[in-house]
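Chain letters run A, B, ... following the sequence lines, proteins first, then strands; residues in each count from 1.
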Protein chains: 4
Amino acid sequence: MLEAAAAAFVASGVEAPVRDIAARAGVGVGTIYRHFPARSDLIIAVYRHQVESLAEAGPDLLKTSAGPYAALGRWIDLFVDFLVTKHGLAAVLKSENAGFETLHTYFLDRLVPICTELLEAAATAGEIRSDLQAYQLMRGVGNLCIGAESDPRYDARRLVELLIKGLRTDSTDRTEHRSGNRN
Amino acid sequence: MLEAAAAAFVASGVEAPVRDIAARAGVGVGTIYRHFPARSDLIIAVYRHQVESLAEAGPDLLKTSAGPYAALGRWIDLFVDFLVTKHGLAAVLKSENAGFETLHTYFLDRLVPICTELLEAAATAGEIRSDLQAYQLMRGVGNLCIGAESDPRYDARRLVELLIKGLRTDSTDRTEHRSGNRN
Amino acid sequence: MLEAAAAAFVASGVEAPVRDIAARAGVGVGTIYRHFPARSDLIIAVYRHQVESLAEAGPDLLKTSAGPYAALGRWIDLFVDFLVTKHGLAAVLKSENAGFETLHTYFLDRLVPICTELLEAAATAGEIRSDLQAYQLMRGVGNLCIGAESDPRYDARRLVELLIKGLRTDSTDRTEHRSGNRN
Amino acid sequence: MLEAAAAAFVASGVEAPVRDIAARAGVGVGTIYRHFPARSDLIIAVYRHQVESLAEAGPDLLKTSAGPYAALGRWIDLFVDFLVTKHGLAAVLKSENAGFETLHTYFLDRLVPICTELLEAAATAGEIRSDLQAYQLMRGVGNLCIGAESDPRYDARRLVELLIKGLRTDSTDRTEHRSGNRN
DNA sequence: TATGAATGAGAGTTCATTCAT
DNA sequence: TATGAATGAACTCTCATTCAT
């Protein structure tokens with residue numbers, strides 16, 4: 001059922017009609033509502049599953065990658081993979097709708113610490129600037145992924161790459177020296 | 001009326017109910033439809049005005065700024081000013097809806113050449129890499145602006161700044177340590 | 001203006017938008033309303049003109065035709081000419097809408113006596129049965145004309161001809177007198 | 001629900017507001033739309049049922065009536081029964097609206113052959129003239145039925161009877177025998 | 001517990017009618 | 001007196017949500 005919902009979200013965004021989701025899942029709409037009394041519960045459930053995997057990937061990457069910046073890059077890649085297939089996510093994240101509060105909270109509670117950890121590791125290693133909050137980065141990456149799947153001329157991954165690159169310790173200042181610390 | 005529509009778009013996105021727009025404008029829905037037979041006409045009208053100003057600003061900035069990269073940065077700032085108040089823009093830009101085609105086309109026809117000019121000037125000056133199309137940049141900046149006005153913890157301008165910074169000729173690459181990232 | 005309205009009625013029926021009528025007439029909608037406060041007044045005015053001509057034709061035909069049945073046939077032809085271009089007429093005639101009452105009344109007051117005269121003359125001459133009221137005949141002919149202009153496979157005139165033929169004194173039952181009709 | 005729709009059609013024509021139909025049926029508009037996604041589907045459903053009965057009656061009448069002309073007369077009576085309660089039918093039949101195409105086609109496909117059969121049988125028997133197409137007859141009868149239920153002074157049946165009588169082989173011209181019809 | 005029919009609020013759009021200019 | 005911009009009721013259709021089976 002979650003897969004069905006995820007598929008519907010991919011196809012029509014998180015605002016996909018409940019009927020479509022039910023149809024994809026091969027159940028009645030009543031069944032959807034039984035399990036997910038509010039639409040947001042369903043959305044939460046769909047995202048929770050994937051958010052969880054993503055969260056778990058953070059520490060692993062930090063261990064297995066060639067440095068924290070590389071780990072951050074890989075993790076952001078996973079995040080992008082996640083987001084690119086969920087083009088309604090930004091809408092949900094910016095929604096003031098009370099029903100989405102829970103999802104929002106969960107989402108942030110779960111991922112922001114992981115992202116913070118990666119950012120801090122990279123900052124500590126002097127690889128990136130340290131003045132961007134994980135929340136902002138995730139939000140930005142999320143936004144960059146909007147509509148990525150439907151526009152062949154748009155490459156979200158490419159832009160996210162540039163954004164991450166923009167985090168590098170100050171490259172901008174025509175560094176002749178080693179890219180040392182803060183800009 | 002355009003101001004009312006713009007305000008409604010700010011509050012609810014470009015999908016704001018026509019009734020809401022009419023209410024904000026203090027007119028009846030019929031009046032909206034008299035001036036803008038299709039919803040898309042209204043959207044176009046709201047955007048056209050601002051897109052025009054933006055387009056005109058491009059060449060000026062190139063003349064008055066301290067270098068093409070600075071001009072690009074300033075122009076992107078204006079673009080962000082524009083976009084931050086139009087969080088439905090991304091939706092419109094990715095919409096396959098035939099009614100939005102006109103806006104889409106106009107938008108791109110008008111702004112992409114300006115942005116291209118700025119990008120090329122900066123690339124020619126060796127200030128930035130030359131491998132990002134104006135369309136992609138504008139799309140990316142547009143996306144980064146989504147929901148910016150409603151979330152105090154999110155600073156679109158900051159992220160756009162990082163993205164633009166990521167365009168700088170590869171400072172990063174002059175670093176000798178090749179930090180083994182995916183980039 | 002009446003011509004414009006008539007043309008609009010031909011094109012879209014008597015329910016033609018007032019705006020269309022105004023546009024055809026080259027005046028503002030306000031002008032239409034000034035002259036015809038209610039839509040029905042306009043309809044009445046449009047029909048009155050033609051109904052009047054039709055009414056006047058009755059006595060003339062009775063004088064100039066080869067017998068009352070022929071006169072009736074000719075008059076019905078004129079009636080059909082009138083109706084075929086007014087496909088909204090039946091709708092108006094059957095409308096319970098109070099606003100149409102005036103038209104209805106006028107229409108009947110003016111034409112039914114004429115038609116009655118023709119029918120009675122033909123009945124008196126033994127050419128037709130005498131048991132059909134003029135009201136009914138006019139109504140029937142009116143109905144047969146509905147939609148005549150938009151369907152090439154439908155020939156209202158042909159059917160009206162059959163209907164009138166059906167009025168013949170019972171020809172079916174052995175008439176030998178060849179009543180020299182138009183049929 | 002079909003009965004409610006039929007009743008609404010009787011009262012207000014086939015253009016009866018869906019809300020009215022829902023109200024008559026004692027259901028919500030959503031229920032109407034669930035069963036009949038497009039307005040035309042509802043119209044089709046209402047008519048289909050009755051058209052079907054009518055079509056089936058044709059061959060039966062040919063077997064059980066006193067001659068083909070009598071059968072034709074009986075069948076036309078049934079047709080009139082059908083039509084008198086559907087005063088929006090003419091509008092639908094002449095509508096260019098794509099949505100009505102299906103109904104139109106079905107209607108003609110189903111009834112014209114039946115009517116043709118009856119007409120041909122009567123023509124072969126020498127009872128009627130053979131130069132009127134079934135389509136035209138049905139259209140004419142249909143038109144004569146418009147508004148019949150709302151006007152006590154109008155008797156569609158009477159007029160249809162005259163029309164059918166007008167079809168008799170030219171009685172007017174020669175019949176000396178009593179052609180034993182129902183008339 | 002699962003189903004899906006039913007509900008009805010809400011959105012877009014049209015057009016008769018009013019009224020300030 | 002003529003105009004046409006403005007109004008808003010009314011109509012179709014969609015879909016979240018409820019609830020009897």
Side-chain angles (χ1 to χ4, degrees), chain A residues 1 8 12 14-23 25-43 97 99, chain B residues 1 4 8 12-23 25-43 97 99, chain C residues 1 8 12 14-23 25-43 97 99, chain D residues 1 4 8 12-23 25-43 97 99:
Chain A
M1 201 149 94
S12 323
V14 290
E15 309 284 5
V18 175
R19 250 184 206 60
D20 290 1
I21 298 168
V27 302
V29 290
T31 306
I32 300 286
Y33 278 97
R34 162 173 298 276
H35 292 291
F36 310 99
R39 158 178 225 92
S40 29
D41 295 325
L42 175 57
I43 298 174
N97 189 313
Chain B
M1 202 149 91
S12 325
V14 289
E15 309 283 7
V18 174
R19 267 181 189 71
D20 290 0
I21 298 169
V27 301
V29 291
T31 305
I32 301 287
Y33 279 100
R34 155 177 289 274
H35 293 289
F36 309 100
R39 153 179 230 93
S40 31
D41 295 326
L42 176 57
I43 298 174
N97 188 314
Chain C
M1 201 149 94
S12 324
V14 290
E15 309 283 7
V18 174
R19 251 184 206 61
D20 289 2
I21 298 168
V27 302
V29 290
T31 306
I32 300 285
Y33 278 98
R34 163 172 298 276
H35 292 291
F36 309 99
R39 158 179 226 93
S40 29
D41 295 326
L42 175 58
I43 298 174
N97 189 314
Chain D
M1 202 150 90
S12 325
V14 290
E15 309 284 6
V18 174
R19 260 183 190 67
D20 290 0
I21 298 169
V27 302
V29 291
T31 305
I32 301 287
Y33 280 100
R34 154 179 288 274
H35 292 290
F36 310 99
R39 156 181 228 89
S40 31
D41 294 327
L42 175 57
I43 298 174
N97 188 314

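- In DNA chain E, the stems built from three or more successive Watson-Crick or G-U pairs (distances below 3.5 Å) are E:2-21 with F:2-21.
- Considering CG of D:D41 and NE2 of D:H35, their distance stands at 12.5 Å, rounded to 0.5 Å.
- Checking C:G28 against B:G28, the closest nucleotide of DNA chain F that is more toward the 5' end is the one next to C:G28.
- The side chain of B:H35 places an N or O atom within less than 4.0 Å of a non-bridging phosphate oxygen (OP1 or OP2) of F:dA6.
- D:V27 is linked by a side-chain contact (heavy atoms from CB on, under 4.5 Å) to D:M1, D:A22, D:A25, D:T31, D:I32, counting only residues two or more places apart in sequence or in another chain.
- Rounded to an integer number of Å, the gap from B:F36 CZ to E:dG12 P is 15 Å.
- Side-chain contact between D:V18 and D:F36 is absent, with no heavy atoms from C-beta onward closer than 4.5 Å.
- Distance, C:D20 CG to E:dC15 P: 8 Å, rounded to whole Å.
- Between D:I21 and D:A16, the shortest heavy-atom distance links the atoms CD1-O, 3.8 Å.
- To the nearest angstrom, C1' of E:dA16 lies 14 Å from CG of C:D41.
- The nearest whole Å value for the distance from the CZ atom in A:R34 to the P atom in F:dT21 is 17 Å.
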Once base and sugar-phosphate atoms are separated, protein heavy atoms under 4.0 Å mark nucleotides 15-20 of chain F, 5' to 3', with B, S and - as BBBB--

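- As rounded to whole Å, 15 Å separates atom C1' of E:dA11 from atom CD1 of B:I32.
- Partners of B:R19 according to the side-chain contact (heavy atoms from CB on, under 4.5 Å) rule, which considers only residues two or more places apart in sequence or in another chain, are B:V29.
- Under the side-chain contact (heavy atoms from CB on, under 4.5 Å) criterion, C:A23 pairs with no residue at all, not counting sequence neighbours.
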